[in-house]
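I have placed the structure first, in the form of structure tokens, so that the comments after it can refer back to it.
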Amino acid sequence: QRMPPKKRTRGTTAEHEEPAAKLAKKDDDEKDSSGKGAKGAPRRRGKPEAGNSGMQEDKGAAAAPAGKEVYCHWLMKSEPESRIEKGVDVKFGIEDLKALPKQTGCWDGVRNYQARNFMKDMKVGHEAFFYHSNCKEPGIAGLMKIVKEAYVDHTQFDKKDAHYDPSSKKDNPKWYMVDVQFDRMTKRFIPLSELKKYHQQHKSNGGVLKGLALFTRARLSVQPLSKEEFDFVLSLEDKEPI
DNA sequence: GCCAACGTTGGC
DNA sequence: GCCAACGTTGGC
């Protein structure tokens with residue numbers, strides 16, 4: 001089941017705000033409600049999902065409205081080891097995704113506005129790293145693809161769910177999820193410790209990973225990578241571990 | 001299991 | 001709107 005719970009917020013909200021990708025900025029967003037609001041939990045989980053397959057596409061969207069950057073690469077965290085939260089085991093590792101029908105699941109349980117907004121920016125076909133967190137060996141285990149764009153996370157209305165959010169109303173849902181499909185394992189597990197070494201190094205020499213969100217926004221469970229960051233990280237699978 | 005970092009809550 | 005207290009994330 002799921003993961004982090006947390007919840008509570010205040011009331012209402014406005015809604016969907018936009019997706020946004022902000023990035024460099026930080027903040028997040030949401031305008032939701034009144035001011036405060038968000039909760040915080042991130043993470044995810046997955047499960048089969050029913051529908052799907054969607055394909056929506058974006059249309060021209062792309063045009064970058066000046067100002068906001070558009071990302072096509074992501075890193076999503078999930079816990080591969082059992083941990084009971086509100087009576088439910090939140091374990092969901094890459095092997096669990098792989099075991100689902102069509103190797104596809106919904107990334108529910110995200111209860112952080114910024115992470116949610118990043119999910120709303122995701123388009124079908126985008127690639128994401130499956131990151132194992134809060135476990136013996138944290139790091140990137142594999143790759144997955146976005147196969148369905150953001151839609152209402154039903155677990156926010158489920159009292160039995162670890163991420164139930166009593167403040168969210170059916171007619172104005174706060175939380176969204178995407179469907180992801182297992183793509184492949186990385187050729188080798190890329191440990192956080194190794195990424196950290198590159199990050200340190202790059203902070204000194206201006207390398208690609210100097211601003212990697214994994215280190216600059218450590219608690220964000222859904223985070224964007226630039227194409228350069230994504231390619232660099234992926235290239236590590238063909239190199240010797242440092 | 002500890003605990004630093006940081007996001008959220010809620011009084012004022 | 002500020003900010004102290006509190007709760008969560010997630011590495012170690």
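Throughout, a chain's letter reflects where its sequence line sits, starting with A, and its residues are numbered from 1. These numbers were taken from a predicted model, which means no experiment stands behind them.
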Would you list the protein and nucleotides 2-6 of chain B atom pairs, both N or O, that sit under 3.5 Å from each other?
| unit_1 | atom_1 | unit_2 | atom_2 | d |
| --- | --- | --- | --- | --- |
| B:dA5 | N3 | A:Arg219 | NH1 | 3.4 |
| B:dC6 | O4' | A:Arg219 | NH1 | 3.3 |
| B:dC6 | O2 | A:Arg219 | NH1 | 2.1 |

Please give the remaining members of the hydrophobic cluster of A:Phe189, linking ILVMFWY side chains under 4.5 Å, ordered by chain and number. none

Expressed as a whole number of angstroms, how long is the span from A:Glu79:CD to C:dG10:P? 7 Å

Please name all residues satisfying side chain to side chain contact (heavy atoms under 4.5 Å, CB included) with A:Lys187, sequence neighbours left out, ordered by chain then number. A:Arg184, A:Glu237, A:Asp238

A:Gln156 and A:Arg111: side chain donor to acceptor below 3.5 Å: no

The criterion is side chain to side chain contact (heavy atoms under 4.5 Å, CB included); which residues satisfy it with A:Ser204, sequence neighbours excluded? none

Of residues 192-201 of chain A, the positions that come close to DNA chain C - non-hydrogen atoms, cut-off under 4.0 Å: A:Leu192, A:Lys196

Of all residues at least two apart in sequence or in a different chain, which pass the side chain to side chain donor-acceptor pair (under 3.5 Å) check with A:Asp231? A:Lys227

Taking CD from A:Glu81 and P from C:dG10, how many angstroms apart are they, rounded to a whole number? 14 Å

Quick one: A:Gln114 CD to B:dG7 P, roughly how many Å, whole number? 8 Å

Is the shortest side-chain N/O distance from A:Tyr131 to OP1 or OP2 of C:dT9 below 4.0 Å? no

Nearest-Å distance, CZ (A:Arg116) to P (B:dT8)? 12 Å

Could you check how far CE of A:Met76 sits from C1' of C:dT9, rounded to whole Å? 17 Å

Rounded to whole Å, how long is the line connecting atom NE2 of A:His132 with atom P of C:dG10? 14 Å

Linking Ile, Leu, Val, Met, Phe, Trp and Tyr through side-chain heavy atoms less than 4.5 Å apart, which residues share a cluster with A:Ile242? A:Leu75, A:Phe129, A:Tyr131, A:Ile140, A:Leu143, A:Ile190, A:Leu192, A:Leu195, A:Tyr198, A:Val208, A:Leu209, A:Leu212, A:Leu214, A:Phe215, A:Leu225, A:Phe230, A:Phe232, A:Val233, A:Leu234, A:Leu236

Who passes side chain to side chain contact (heavy atoms under 4.5 Å, CB included) against A:Lys159, sequence neighbours left out? A:Tyr164

Who passes side chain to side chain donor-acceptor pair (under 3.5 Å) against A:Gln223, sequence neighbours left out? none

For A:Leu220 and C:dG10, what is the distance between atoms CG and C1' respectively, to the nearest whole Å? 13 Å

Answer yes or no: does a side-chain N or O of A:Lys77 lie under 4.0 Å from OP1 or OP2 of C:dG10? yes

Taking atom C1' of B:dT9 as reference, at what distance in whole Å does atom CZ of A:Arg111 sit? 19 Å

So, A:Glu81 and A:Lys91, do they make that salt bridge, N to O below 4.0 Å? no

